[in-house]
Number of protein chains: 2
Amino acid sequence: MSCEELFRKTLKQHGLRMTHQREAVLKAMHASHEPVTVETIYERAARDCNVLDLSTVYRTLDLFQQFGLVSVVNAQGINYYEHVGLDEPHVHLLCSQCGKIFSVPLAEAQPLLDGFAARHHFTVDPTELTFQGICQGCREKDSTAG
Amino acid sequence: MSCEELFRKTLKQHGLRMTHQREAVLKAMHASHEPVTVETIYERAARDCNVLDLSTVYRTLDLFQQFGLVSVVNAQGINYYEHVGLDEPHVHLLCSQCGKIFSVPLAEAQPLLDGFAARHHFTVDPTELTFQGICQGCREKDSTAG
DNA sequence: CTTGCTGCAAATTCTTTGCACTCAC
DNA sequence: GTGAGTGCAAAGAATTTGCAGCAAG
């Protein structure tokens, strides 16, 4: 089942409707394989949709979250939205300098998360997991510059 | 050297001044051994300070950050400020249900961070590290409730 | 037709900024 | 005294909300 079919079905089950706007936002999320800002989603979706308001994008993303289609990453006060379920489970590496977000397999972090569960009885939600730091490119630039 | 002495010294070095307000905010941060919101800091500091404005708290926290006295944790769009340097280096476990923040030694996460450096050439900033999930208390409540 | 959804504009929330006055040094 | 720091009020930025008209089913 395609993502759109799945979404239509889920909407129906909840007595909700498919609209041009929702379709456009969904398509925009599909086209983005990395986490994107509301602004970006709005711009991309607006191309497919003769009329579209930012508030509609917020409302739609909210809906997507409820249905588990989209997850939010908050980094430095900015919300990034990401389409989930397309790729394998992963965590994020956010470069606090250039803002790029890299994905690495969740499996790498799993031992640590299991450790947290065992030692601290804390169950980490892996969809919300982001590590901030400096990527290779920016680190090289830094050492060159000063 | 006490934290306040250190702060006074650092201020002096930069040609800056110690004020009632800064003292009150510093004291409020001291009193909080867990990450707190600006609002909380403001309330606590205001008790020690006949006049205090929220904007001053923001400005002071900004200063503290520059001096490395305070670090910021952003969780679910809300900024939490935490006094650093008092305890050993640590990472945060944020319960997304009750909002409590737990600290665990950085050492537990170090192997993973080293792995990221080795495999992805990405240097994680451990002061910004927060894992969201569900704490034991809330999990038990959930399973009881249904 | 029914009522969920939308655009619009206004409201909220969190944070920052400009400015004249004040106070630490 | 001097200029860094403050309170105040207003500006910004990001997000939410109320409402009347529109459109999906």
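Just so it is clear: chains get the letters A, B, ... in the order the sequence lines come, proteins before strands, and each one is counted from 1.
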Can you name the side chain to side chain donor-acceptor pair (under 3.5 Å) partners of A:Thr40, sequence neighbours left out?
->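 If we apply the side chain to side chain donor-acceptor pair (under 3.5 Å) test to A:Thr40, skipping adjacent residues, the hits are A:Thr37.
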Mind listing the residues from residues 53-61 of chain A sitting with a heavy atom below 4.0 Å of DNA chain D? Number order is fine.
->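 Correct list: A:Ser55, A:Tyr58, A:Arg59.
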Check whether any side-chain N or O of A:Thr60 sits under 3.5 Å from a backbone N or O of A:Thr56 as a donor-acceptor pair, and report yes or no.
->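 Confirmed, A:Thr60 side chain pairs with A:Thr56 backbone.
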Give the angle between the helix axes at the two ends of the helix from C:dC1-D:dG25 to C:dC25-D:dG1, taking five base pairs at each end and rounding to 10°.
->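 Computed angle between terminal axes is 30°.
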Using salt bridge (Lys or Arg N to Asp or Glu O under 4.0 Å) as the criterion, list what pairs up with B:Glu43, not counting sequence neighbours.
->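 Here no residue qualifies.
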Provide, to the nearest angstrom, the distance between the [atom1] atom belonging to [X] and the [atom2] atom belonging to [N].
| X | N | atom1 | atom2 | result |
| --- | --- | --- | --- | --- |
| B:Phe7 | D:dG5 | CZ | C1' | 12 Å |
| A:Leu63 | D:dT16 | CG | P | 14 Å |
| A:Ile78 | D:dA13 | CD1 | P | 13 Å |
| B:Tyr42 | D:dT6 | OH | C1' | 13 Å |
| B:Gln21 | D:dG5 | CD | P | 11 Å |
| A:Asp62 | C:dT6 | CG | P | 12 Å |
| B:Ile41 | C:dC14 | CD1 | P | 14 Å |
| B:Asn50 | C:dT22 | CG | P | 15 Å |

Contact under 4.0 Å: A:Asn79 side-chain N or O vs D:dT15 OP1/OP2 =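 It does, given that an N or O in the side chain of A:Asn79 lies less than 4.0 Å from OP1 or OP2 of D:dT15.
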Please tabulate, for the side chains in residues 20-29 of chain A, all donor-acceptor contacts under 3.5 angstrom to protein atoms that are two or more places apart in sequence or on a different chain.
from    : atom 1 : to      : atom 2 : distance (Å)
A:Arg22 : NH1    : A:Arg17 : O      : 2.6
A:Lys27 : NZ     : A:Asp48 : OD1    : 3.4

Where do [X] and [Y] come nearest, in terms of heavy atoms and distance?
| X | Y | value |
| --- | --- | --- |
| B:Asp53 | B:Tyr42 | C-CE1, 3.9 Å |
| A:Tyr80 | A:Ile78 | CD1-O, 3.5 Å |
| A:Ile41 | A:Val57 | CG2-CG1, 4.0 Å |

List the steps, then state whether side-chain contact (heavy atoms from CB on, under 4.5 Å) holds for B:Arg119 with A:Glu108.
-> CA-CA 10 Å; B:Arg119 283 188 299 274; A:Glu108 293 192 21; 2.9 Å; yes
Could you tell me whether the side chains of A:His92 and A:Glu82 share a donor-acceptor contact shorter than 3.5 Å?
->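 There is such a pair (donor and acceptor under 3.5 Å, judged by atom type) between the side chains of A:His92 and A:Glu82.
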Does B:Phe67 have its ring centroid less than 6.0 Å away from the ring centroid of B:His14?
->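 Close enough - the centres of the two rings lie under 6.0 Å apart.
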Given B:Tyr58, B:Phe7, B:Tyr81, the one that forms ring-ring contact (aromatic ring centres under 6.0 Å, His included) with B:Phe64 |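 Of the listed residues B:Tyr58, B:Phe7, B:Tyr81, the ring-ring contact (aromatic ring centres under 6.0 Å, His included) partner of B:Phe64 is B:Phe7.
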N/O-N/O pairs, protein side and nucleotides 23-25 of chain C side, under 3.5 Å:
from   : atom 1 : to      : atom 2 : distance (Å)
C:dA24 : O3'    : B:Met18 : O      : 3.1
C:dA24 : N3     : B:Arg17 : NH1    : 3.3
C:dC25 : OP1    : B:Met18 : N      : 3.3

